[in-house]
Amino acid sequence: MKSLVVFLIAAFASSSAHALLCNPAQELCGFVKGQRTSGSPAKPSSSNNIRINPSAVPTNKMIGIEGLFYKGEVDVSLARGLGRIGAAISPSNSEETFFGPPGLESDIALLDRKRQAIKYPGQKVTLATAVNLYEKKGSGLSNISMNLGIMGKYHKYDGAVTPGGGVTLNIGPLNIGYAKYKDRHHLSMADYLLPDVYALVEYEVETISAGVFLGSLALDYSILQMYMPTDRWETRVGTASIFLKRGIFTIAVRSEDSSRSSYNYSLDTLSSARGKTESFLGAQLTAGSHFMIGAFYNYYMVREVSLAATLFF
């Protein structure tokens with residue numbers, strides 16, 4: 001599977017002789033102009049953006065379907081824009097994805113999942129909608145738009161719905177986003193010999209992000225705060241994407257400060273270190289005028305390679 005990432009990178013390199021660099025502010029670059037203008041353009045997964053900040057739902061006229069494939073499973077998200085308003089639904093979780101918040105689980109479950117390279121199990125469905133509050137067409141800093149979004153996370157175990165909202169402001173090449181939502185997780189006690197018991201943990205997630213377009217390069221930096229009942233966890237992610245006429249190449253670094261255990265891949269053990277650092281690599285190529293395929297390394301935070309496909313029309 002890792003060879004897929006190498007292949008996609010090689011495809012970018014081999015086509016560089018044909019002037020591949022692309023400016024998404026001026027032209028269509030791997031569907032970016034129609035697909036990602038509402039949220040952070042540097043991050044490779046639109047659906048993950050939407051699950052964290054609902055104002056990232058595209059409002060321009062489009063239909064987008066994103067699928068992430070890993071170990072025989074697929075995470076699918078659907079987005080629809082109508083012009084000034086858009087909606088999206090995703091039955092996938094953002095927890096324990098590279099650009100999302102940390103997951104909640106016992107040390108036994110964490111150790112077993114990391115050893116087997118299994119993605120974090122989901123418990124919720126996210127529904128989000130966004131509206132374009134203001135838009136002014138222009139050049140440079142006079143090109144301004146603002147989106148407001150709301151969302152609800154439906155929790156499968158008890159049927160509860162937790163609310164959230166966010167806002168995104170674009171000023172020329174600058175992008176600023178803020179979101180906050182309530183969340184909850186039913187923590188299984190099976191590892192403590194209580195197979196039918198679940199402990200409910202309620203918390204809030206707050207995110208602020210800032211990004212900039214520099215020609216064919218997009219940079220983004222986000223800070224995610226997770227307010228636990230007795231602690232505060234923080235995740236910082238720096239992302240850089242290069243936009244090409246035939247696709248997107250992304251690298252990112254994530255640092256986490258939390259009280260949950262850390263898995264040491266070299267020693268195959270858990271430690272109590274609060275600091276945790278991971279890296280991400282992604283490559284996506286257009287295949288026709290409405291389809292994009294790609295490969296992500298470490299999207300599910302188990303140092304795996306997953307495949308991505310996006311249909312956009």
Side-chain angles (χ1 to χ4, degrees), residues 47-54 68 70 73 75-77 88-116 118-129 149-166 178-208 222-237 254 256-263 270-274 276 278 299-302:
S47 61
N48 203 303
N49 280 346
I50 291 167
R51 290 191 294 267
I52 296 173
N53 188 338
L68 295 172
Y70 179 60
E73 298 183 34
D75 289 339
V76 178
S77 298
I89 181 171
S90 174
S92 309
N93 59 285
S94 57
E95 294 79 18
E96 282 302 289
T97 59
F98 193 89
F99 302 96
L104 302 178
E105 58 192 328
S106 69
D107 283 354
I108 297 175
L110 172 63
L111 183 61
D112 183 63
R113 189 171 61 82
K114 292 289 188 178
R115 285 173 171 173
Q116 298 187 55
I118 299 173
K119 68 180 184 180
Y120 187 76
Q123 295 186 357
K124 64 199 74 172
V125 176
T126 301
L127 295 97
T129 185
I150 59 173
M151 69 177 171
K153 291 183 180 289
Y154 172 79
H155 300 265
K156 300 176 183 178
Y157 280 117
D158 58 8
V161 178
T162 53
Y178 174 82
K180 189 172 184 178
Y181 62 87
K182 292 182 179 292
D183 212 337
R184 60 202 292 164
H185 181 81
H186 288 80
L187 185 62
S188 173
M189 296 289 103
D191 294 329
Y192 304 100
L193 304 180
L194 297 171
D196 299 321
V197 177
Y198 291 85
L200 177 62
V201 182
E202 297 181 296
Y203 54 94
E204 290 186 346
V205 177
E206 183 179 42
T207 305
I208 184 169
S222 62
I223 302 174
L224 185 149
Q225 307 275 0
M226 201 167 166
Y227 298 98
M228 305 295 291
T230 59
D231 196 7
R232 179 179 63 86
W233 297 358
E234 181 178 276
T235 301
R236 296 173 177 255
V237 179
R254 168 191 171 112
E256 177 188 325
D257 178 12
S258 70
S259 58
R260 67 177 187 148
S261 296
S262 175
Y263 179 67
L270 296 180
S271 71
S272 59
R274 284 191 65 97
K276 307 160 187 69
E278 293 284 350
Y299 179 84
Y300 290 111
M301 300 285 288
V302 286

Any [X] side-chain heavy atom under 4.5 Å of [Y] side chain:
X: Leu187; Y: Tyr198; value: no
X: Pro101; Y: Thr235; value: no
X: Thr230; Y: Met228; value: no
X: Met301; Y: Phe98; value: yes
X: Ser259; Y: Arg274; value: yes
X: Leu110; Y: Ser261; value: yes
X: Lys119; Y: Val302; value: no
X: Ser188; Y: Ser106; value: no

Nearest heavy-atom pair of [X] and [Y]: which atoms, and what distance?
X: Glu95; Y: Pro102; value: CG-O, 3.9 Å
X: Pro121; Y: Asn93; value: C-OD1, 4.2 Å
X: Ala273; Y: Ser262; value: O-CB, 3.9 Å
X: Arg254; Y: Gly100; value: NH1-O, 2.8 Å
X: Ile50; Y: Met151; value: O-SD, 4.1 Å
X: Val205; Y: Met226; value: CG2-CG, 4.2 Å

(request) Take Thr207 and Tyr178 through the test side chain to side chain contact (heavy atoms under 4.5 Å, CB included) and record every step on the way to the result. (result) CA-CA 6 Å; Thr207 305; Tyr178 174 82; over 6 Å; no
(request) Begin with the C-alpha distance, continue with both residues' side-chain angles, and end with the deciding distance and a verdict on side chain to side chain contact (heavy atoms under 4.5 Å, CB included) for His155 and Gln123. (result) CA-CA 6 Å; His155 300 265; Gln123 295 186 357; 5.6 Å; no
(request) Let me see the working for Asn53 and Asn49 under side chain to side chain contact (heavy atoms under 4.5 Å, CB included), right down to the final yes or no. (result) CA-CA 6 Å; Asn53 188 338; Asn49 280 346; over 6 Å; no
(message) Donor-acceptor pair, distance only, cut-off 3.5 Å: does the side chain of Tyr157 make one with the backbone of Lys124?
(response)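 No, because the side chain of Tyr157 does not come within donor-acceptor range (under 3.5 Å) of the backbone of Lys124.
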(message) Quick one: does any side-chain atom of Thr162 pair with a main-chain N or O of Lys182 as donor and acceptor, under 3.5 Å?
(response)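 Such a contact is found between Thr162 side chain and Lys182 backbone.
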Taking atom [atom1] of [X] and atom [atom2] of [Y], what is their separation to the nearest 0.5 Å?
X: Leu200; Y: Asp158; atom1: CG; atom2: CG; answer: 6.5 Å
X: Ile89; Y: Tyr154; atom1: CD1; atom2: OH; answer: 11.5 Å
X: Ser92; Y: Tyr120; atom1: OG; atom2: OH; answer: 14.0 Å
X: Ser90; Y: Asn48; atom1: OG; atom2: CG; answer: 8.5 Å
X: Asp183; Y: Leu104; atom1: CG; atom2: CG; answer: 8.5 Å
X: Lys180; Y: Ile52; atom1: NZ; atom2: CD1; answer: 16.0 Å

(message) Ignoring hydrogens and geometry beyond distance, is a side-chain donor-acceptor pair present between Tyr299 and Asp75 at under 3.5 Å?
(response)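 On atom types as modelled, these side chains do not qualify, holding no pair under 3.5 Å.
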(message) Regarding Tyr227 and Glu206, do their side chains bring together a donor and an acceptor under 3.5 Å, going by distance alone?
(response)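 A donor-acceptor contact under 3.5 Å links the two side chains.
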(request) Determine whether more than 12 heavy atoms belonging to other residues, nucleotides or ligands lie under 6.0 Å from atom CD1 of Ile150. (result)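 At most 12 heavy atoms, drawn from other residues, nucleotides or ligands, come within 6.0 Å of this atom.
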(request) Check the surroundings of atom NZ in Lys276: do more than 12 heavy atoms from other residues, nucleotides or ligands lie under 6.0 Å from it? (result)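 Yes, the 6.0 Å shell around NZ holds more than 12 heavy atoms from other groups.
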(message) Tell me whether Lys153 forms a cation-pi arrangement with Tyr181, defined as NZ or CZ under 6.0 Å from the six-membered ring centre and within 45 degrees of its axis.
(response)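 Verdict for Tyr181: a cation-pi partner in Lys153.
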(message) Given the ring of Tyr263, does Lys114 sit roughly above its face, with NZ or CZ under 6.0 Å from the centre of the six-membered ring and within 45° of the axis?
(response)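 The answer is no; the distance or angle limit is not met.
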